[in-house]
Structures are given as C-alpha cells and as structure tokens.
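What follows is one structure encoded as structure tokens, with my remarks underneath.
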There are 2 protein chains.
Amino acid sequence: MTTSIAETIADRLDTMPAGERRAAHTLIAGYPVVGLKTVAEFSQAAGVSSPTILRFVARLGFQNYPEFQAALQDELAAQLQSPASRTHGNPATQDRTSPMLEATIENLRQTFMHLSQKQLAAIVQTLCDPRGKMFLVGGRFTDPLARYMAAHLAIVRPNVFHLAGQESLWRDRLIDMGKRDVLVVFDIRRYQDSLLRFAEKAHHRGVQVVLFTDQWLSPIARLARHVVAGRTAVPSPWDSSASLMIVAETLIGAVTARLEDSSARRIDEMENLR
Amino acid sequence: MTTSIAETIADRLDTMPAGERRAAHTLIAGYPVVGLKTVAEFSQAAGVSSPTILRFVARLGFQNYPEFQAALQDELAAQLQSPASRTHGNPATQDRTSPMLEATIENLRQTFMHLSQKQLAAIVQTLCDPRGKMFLVGGRFTDPLARYMAAHLAIVRPNVFHLAGQESLWRDRLIDMGKRDVLVVFDIRRYQDSLLRFAEKAHHRGVQVVLFTDQWLSPIARLARHVVAGRTAVPSPWDSSASLMIVAETLIGAVTARLEDSSARRIDEMENLR
DNA sequence: GTAAGCGCGTATCGTATGGTACGTATTTTC
DNA sequence: GAAAATACGTACCATACGATACGCGCTTAC
C-alpha cells in the first residue's frame with residue numbers, strides 16, 4: 001500500500017511548527033472526516049487560521065486543498081471496499097480460514113447492507129407479475145447465474161425464458177417483448193457491449209429491466225428499473241459473482257413464497273406431465 | 001440511530017423519477033464517498049445533470065447540498081468511532097439483514113470448516129494437470145455451476161469441456177475420456193440418476209472424478225477421487241448452491257494462481273486470436 | 001539587550017461551486 | 001389522439017470557498 005496520509009502525517013509531525021501540528025492532531029483525532037470539511041471548518045476545529053491549514057496540507061505534499069481532499073476520499077473508498085484492511089489485527093483467524101471465504105462473507109454483508117428490504121420487495125413484485133413474460137440473460141461469466149435463476153423461476157411461474165447462445169438469437173426474441181415483460185440482465189465488468197445494446201433495445205420497447213451488476217455499475221444501470229449492485233472484489237485474479245448469486249437465491253426464495261398457491265398447482269401439473 | 005441516509009434513500013427510491021434514481025444508485029454503490037464530492041463530480045458519476053443531483057438531495061429532505069454532505073460526514077464519523085459496528089453492521093441495518101444471508105454465511109463457514117487446506121490443495125493439483133482433459137457436468141440446478149467453473153478454467157488451461165444438453169450427448173463424449181482425464185460432477189439432491197450412471201461409466205474408464213455435492217453426499221461419492229460437501233440448507237423452499245459456488249471460486253482462483261506462467265501465455269495467445 | 005528570522009493571523013482577491021430560472025422533451029391522463 | 005403535467009437539462013447568477021499577499025509578534029541567537 002502506498003503510505004497512507006495518516007502515516008505521512010506521523011512521519012513529518014516533528015518537523016512541523018506548532019500551529020500545523022495542532023492541525024495534524026485534530027485531523028488524526030477526527031480522521032478523516034474533518035479533512036473532508038471546508039478549510040474554514042477545519043481551521044476552526046483545530047483552533048488555527050485557514051492559511052495554517054493550507055500550509056499544513058502543502059507540507060504533506062499536496063498542491064492544493066481539493067487535491068488533499070480527493071486523496072482522503074480515495075483512501076476512504078479503498079478502505080470501505082477492501083475488508084482485508086479492516087481486520088486490524090487478529091492474525092489468528094487469518095491463516096486458519098481461507099482469505100477467499102472471509103472476503104466473500106464481507107462482500108455478502110456489504111452487498112446486503114446496501115440492499116434494503118424495500119428494494120428486494122419491489123424486485124420480487126416485479127418478478128412475480130404473471131401477466132408478463134420474463135427473460136434472463138447474462139454475460140460471459142454471469143450467464144450461469146441467469147441460467148440458475150431461470151431454472152428455479154421457470155418452475156414457480158409461467159413464461160420464464162433464458163436467452164442463451166448468440167446475440168442474434170436474443171435479438172430475435174425482442175419481437176416477443178413488450179411493456180408487461182421483464183428482462184433480467186447480469187452484467188459485471190468488463191461489461192459487455194452486446195448486453196448493453198440488447199438492454200437498450202428491450203428498454204426501448206418498454207420492457208422493465210432488472211440489472212444484476214457489480215459495485216461499479218454496468219452502463220445498463222441507467223436503463224434499469226431495479227439495480228442490484230453486488231460486491232465482487234476477492235483475493236483472486238477473478239472477480240466473484242457469489243454475492244450476486246446469493247441475492248438471486250434470496251429473490252428466488254421470496255418469489256416462490258409469494259407465489260406459493262399458484263406455484264403449488266403448477267408443480268402438481270408438472271408432475272402429471274412426466 | 002435516526003434513520004440513516006442510506007435507509008431514507010431506500011425508502012423513497014420508488015417515489016423518485018428515473019434521473020434521481022440513477023443518482024440514488026450511484027450514491028449507494030459508492031457510499032458514501034461520491035456524496036462527499038462536488039455536485040459536478042457526483043452528477044458526472046451518475047450520468048445526470050447537476051440540477052438533478054440537487055433535486056435528489058432536496059427530495060431526501062435536505063435544504064441544500066452542504067447540509068447533505070454534513071449529514072454524510074456525521075454519519076461517517078459515527079460509524080468510524082464505533083469499530084464494532086463496522087464488523088457486524090450497525091444496529092440499524094442488523095434487523096434488516098436477511099435470514100437467508102445469515103444462513104448462507106453459516107453454511108459457508110461450516111463448509112470450509114470441513115474442508116482442509118490439504119484437500120483443497122489436492123483438488124487443485126488434480127485440476128491443474130495439463131496432460132489430461134477436463135470435463136464438467138451438473139444436474140438440473142447445478143449445471144450453471146459447472147458452466148461457471150468451465151468458463152473460467154477454460155481460459156487458464158487447455159482442454160476444458162462443459163457437457164451440456166442431453167445425457168446421450170454426454171455419453172458420446174465418454175469415448176474421449178481416459179485415465180489422465182478429470183470429470184467434475186455437480187450433484188445435489190434430489191440426486192439425478194443420469195449423473196450417477198454417467199459418473200459410473202466414466203469411473204469405469206479410469207477417469208478421476210471430482211464431486212461437488214451436499215452434506216448428505218450424492219451416491220457418486222463412492223466413485224469420487226475428491227468430494228466437496230457443501231452445506232445447502234437455507235430458510236427457503238429451495239436448497240442453496242452458494243457454498244459450492246464459493247468453493248468453486250476458491251479453486252478457480254487457486255488453479256489460476258498455480259498456472260500463472262502458462263496461463264499468461266495462453267491468454268496472450270487468445271487475445272491475438274480475436 | 002538588540003536584531004534577525006520564522007511563524008502565524010488578518011484582509012483581500014479570483015474562481016469554482018452550489019443554486020435557480022426557464023425551455024424542451026417525455027410521459028401520463030382523459 | 002390531444003393536452004396537461006411532470007421531469008430533465010442548458011444557461012446563467014450569486015456567493016462561499018480556497019488561495020495569497022502582507023504585516024505583526026514571538027522566539028532565538030549573538
């Protein structure tokens with residue numbers, strides 16, 4: 001890690017004059033929030049004048065105050081995204097359990113933290129409407145998720161279709177899609193143009209788009225009625241789709257519960273057809 | 001805690017127009033950092049204009065943008081002060097967490113607890129042998145997992161084949177399988193006869209079988225060289241394949257790391273072929 | 001004790017930022 | 001299908017913010 005700002009401060013603390021040192025201490029005490037406020041507020045909190053604050057950030061090596069704030073924000077973002085840095089010091093759990101596992105669990109927590117019951121309920125509502133058809137499509141690595149979801153939902157409700165194979169095959173199905181229908185798209189980076197193009201066309205036809213993506217949001221998000229943003233970062237060369245899968249499973253369970261009556265009849269009928 | 005900003009957003013999300021909803025999603029996805037940036041930067045990140053951002057924060061009940069930022073900062077400060085809340089989510093979100101999530105996490109922990117590093121290493125070893133071919137097949141609901149794993153492994157090593165479609169199609173591929181080859185089977189209950197029959201035939205030809213199954217163990221376990229037993233019980237009408245998927249992701253990551261040199265060359269070559 | 005140097009705050013300036021009015025496009029309703 | 005209402009973006013404005021020049025006061029060295 002490139003030495004954090006807090007570390008830099010600690011390094012140069014003894015070379016600082018009294019006023020700037022007060023600034024440093026107040027920043028550390030309220031790290032990093034006070035650094036995100038205005039110069040005036042920062043200076044007031046430190047009990048010094050604004051130029052002192054500016055001299056302070058200049059001494060840390062920043063050209064100007066906004067640059068300093070941007071650095072703080074980047075650091076904060078990195079900290080909030082990678083749970084690894086948060087495990088301050090319990091090496092006991094580190095080598096016993098898989099780092100993949102811990103990272104995945106943290107991803108799950110983060111994902112669900114940003115996903116309210118209300119949102120989930122709204123998505124369930126969308127997925128339950130039996131009047132419309134439901135299409136699922138995924139990208140290179142996420143297509144299996146689309147299949148997984150389709151395999152389950154096709155049992156509990158009618159008119160569930162997984163769009164497989166080539167883009168041209170999907171396109172031909174656009175003709176069947178209308179306002180009442182739902183398109184569930186899985187798209188994580190590197191986002192696929194083909195999915196965006198397809199989602200745009202579907203959206204243009206009035207199809208409701210439900211998007212499963214990563215925390216950086218596929219461009220499809222702008223068209224989507226509902227967006228599920230899952231955390232994907234794990235200590236691996238590959239991104240993890242696990243969080244999206246668990247959200248999918250949650251939704252599958254909720255939809256099944258909601259459609260219990262009608263789906264029970266449907267399943268009976270299926271058994272008879274064998 | 002007075003309802004957090006994230007909650008407020010979730011509450012009013014469905015009353016918002018499309019543009020503001022985009023703003024909401026980008027904020028949640030990059031929470032809370034993007035909200036601390038300037039209106040211009042926020043709007044650019046969300047792909048909307050600055051007035052939309054301002055209307056968005058106004059809808060959340062803030063008089064102006066600085067007031068909104070101050071609220072974010074306060075929330076952040078409160079969150080950072082109590083480190084405990086970071087690990088387990090703050091109390092406000094605690095009761096919102098889905099029982100599905102907790103059950104899944106428990107399943108993951110259980111699954112990995114019964115899966116030693118040694119076993120994982122042995123499986124990785126098996127999956128890395130470049131001399132043999134690798135076939136993956138799954139059941140009704142687990143076939144997507146086979147696809148997922150195949151999609152990744154096919155990139156880092158040669159001769160990875162996913163067996164799709166009907167049983168008869170798989171059978172025809174048996175002719176290509178021999179002692180050096182590996183068959184990865186995903187089979188959770190209700191266990192599929194077709195998979196058992198196929199695994200038996202492959203086993204008979206000397207193929208090494210790696211089995212992903214649930215804790216009650218598919219009958220294929222008898223034939224398998226390696227068995228991954230994942231927990232699948234969740235508060236849902238369906239079983240969860242999540243734990244198997246995370247084991248799969250772990251293995252994918254490990255295999256990729258192990259084959260780093262040869263796979264890098266392979267990936268280069270792939271890029272050239274496009 | 002005096003003089004020199006460094007540090008800090010006051011006052012002022014230019015600019016980037018938040019805010020708003022208005023026109024257009026899209027959607028919704030009758 | 002037409003009209004009204006809602007929503008979004010462009011253009012412009014006021015100001016609050018960061019930046020800087022300057023001068024006073026304290027410390028330190030001789």
Side-chain angles (χ1 to χ4, degrees), chain A residues 5 9 12-27 32-73 178-181 200-209 219 221-225, chain B residues 5 9 12-27 32-73:
Chain A
I5 297 174
I9 293 171
R12 312 196 184 176
L13 195 64
D14 39 3
T15 73
M16 291 183 188
E20 298 180 31
R21 207 173 297 166
R22 291 181 69 180
H25 281 135
T26 31
L27 177 57
V33 180
V34 294
L36 298 173
K37 298 179 183 292
T38 66
V39 175
E41 287 172 303
F42 190 172
S43 68
Q44 198 172 358
V48 297
S49 70
S50 11
T52 301
I53 299 297
L54 295 174
R55 281 189 281 264
F56 165 66
V57 300
R59 192 180 298 264
L60 293 180
F62 297 101
Q63 291 298 320
N64 47 31
Y65 195 70
E67 185 180 302
F68 162 72
Q69 288 192 321
L72 278 180
Q73 286 171 4
K179 277 189 195 295
R180 293 225 173 285
D181 301 329
E200 273 172 344
K201 286 183 185 118
H203 177 69
H204 198 252
R205 291 183 66 89
V207 176
Q208 295 208 45
V209 176
R222 57 178 56 253
L223 319 168
R225 180 76 184 78
Chain B
I5 297 174
I9 294 171
R12 315 200 179 174
L13 195 64
D14 39 2
T15 74
M16 292 183 189
E20 298 178 29
R21 206 174 298 157
R22 276 187 227 163
H25 280 135
T26 29
L27 177 57
V33 180
V34 295
L36 298 173
K37 298 180 182 292
T38 66
V39 175
E41 286 172 305
F42 189 170
S43 68
Q44 199 172 356
V48 298
S49 70
S50 10
T52 301
I53 299 296
L54 295 173
R55 281 190 280 264
F56 166 65
V57 300
R59 193 181 296 267
L60 293 180
F62 298 101
Q63 290 300 320
N64 48 31
Y65 195 70
E67 187 181 302
F68 161 71
Q69 288 192 319
L72 277 181
Q73 287 170 3

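Predicted model, so just to flag it, every value in this text is computed and none were measured. A, B, ... follow the sequence lines: proteins, then strands. Residue 1 opens every chain.
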Interface residues of residues 54-72 of chain A with DNA chain D (non-hydrogen, below 4.0 angstrom): A/L54, A/N64, A/Y65, A/P66
Over all atoms of both residues, closest heavy-atom pair of A/G35 and A/F68: O-CE2, 3.7 Å
For A/R59 against A/M16, the heavy-atom pair lying closest together: CD-CG, 3.6 Å
Heavy-atom closest contact (B/A24 atom, B/L13 atom, distance): CB-CD1, 3.5 Å
A/T52 to A/E20 - nearest heavy-atom pair and separation: CG2-N, 3.9 Å
Of A/T38 and B/M16, the one whose closest DNA chain D nucleotide lies more 5': B/M16
B/F56 vs B/L27 side-chain heavy atoms within contact, under 4.5 Å: yes
Close approaches to DNA chain D from residues 39-49 of chain B, in residue order (heavy atom, under 4.0 Å): B/V48, B/S49
Distance below 4.0 Å between B/S50 side-chain N/O and C/dT17 OP1 or OP2: no
Inter-residue atom distance B/F42.CZ - B/T26.OG1, 0.5 Å rounding: 5.0 Å
Sugar-phosphate, base or nothing in reach of B/P51, heavy atoms under 4.0 Å: base
Greater than 12 external heavy atoms within 6.0 Å of A/Q44's CD: no
Point-to-point distance, once rounded to the nearest 0.5 Å, from CZ of A/R12 to CZ of A/R21: 15.0 Å
Nucleotide interval of DNA chain D bounded by contacts with chain B (heavy-atom cut-off, under 4.0 Å): D/dA7 to D/dT10
Which atom of A/G178 lies closest to which atom of A/V207, heavy atoms considered: O-CG2, 3.6 Å
Atom-to-atom span, NZ of A/K179 to C1' of C/dT28 - whole angstrom: 11 Å
A/H203 side, atom NE2; A/R225 side, atom CZ - distance, nearest 0.5 Å: 11.5 Å
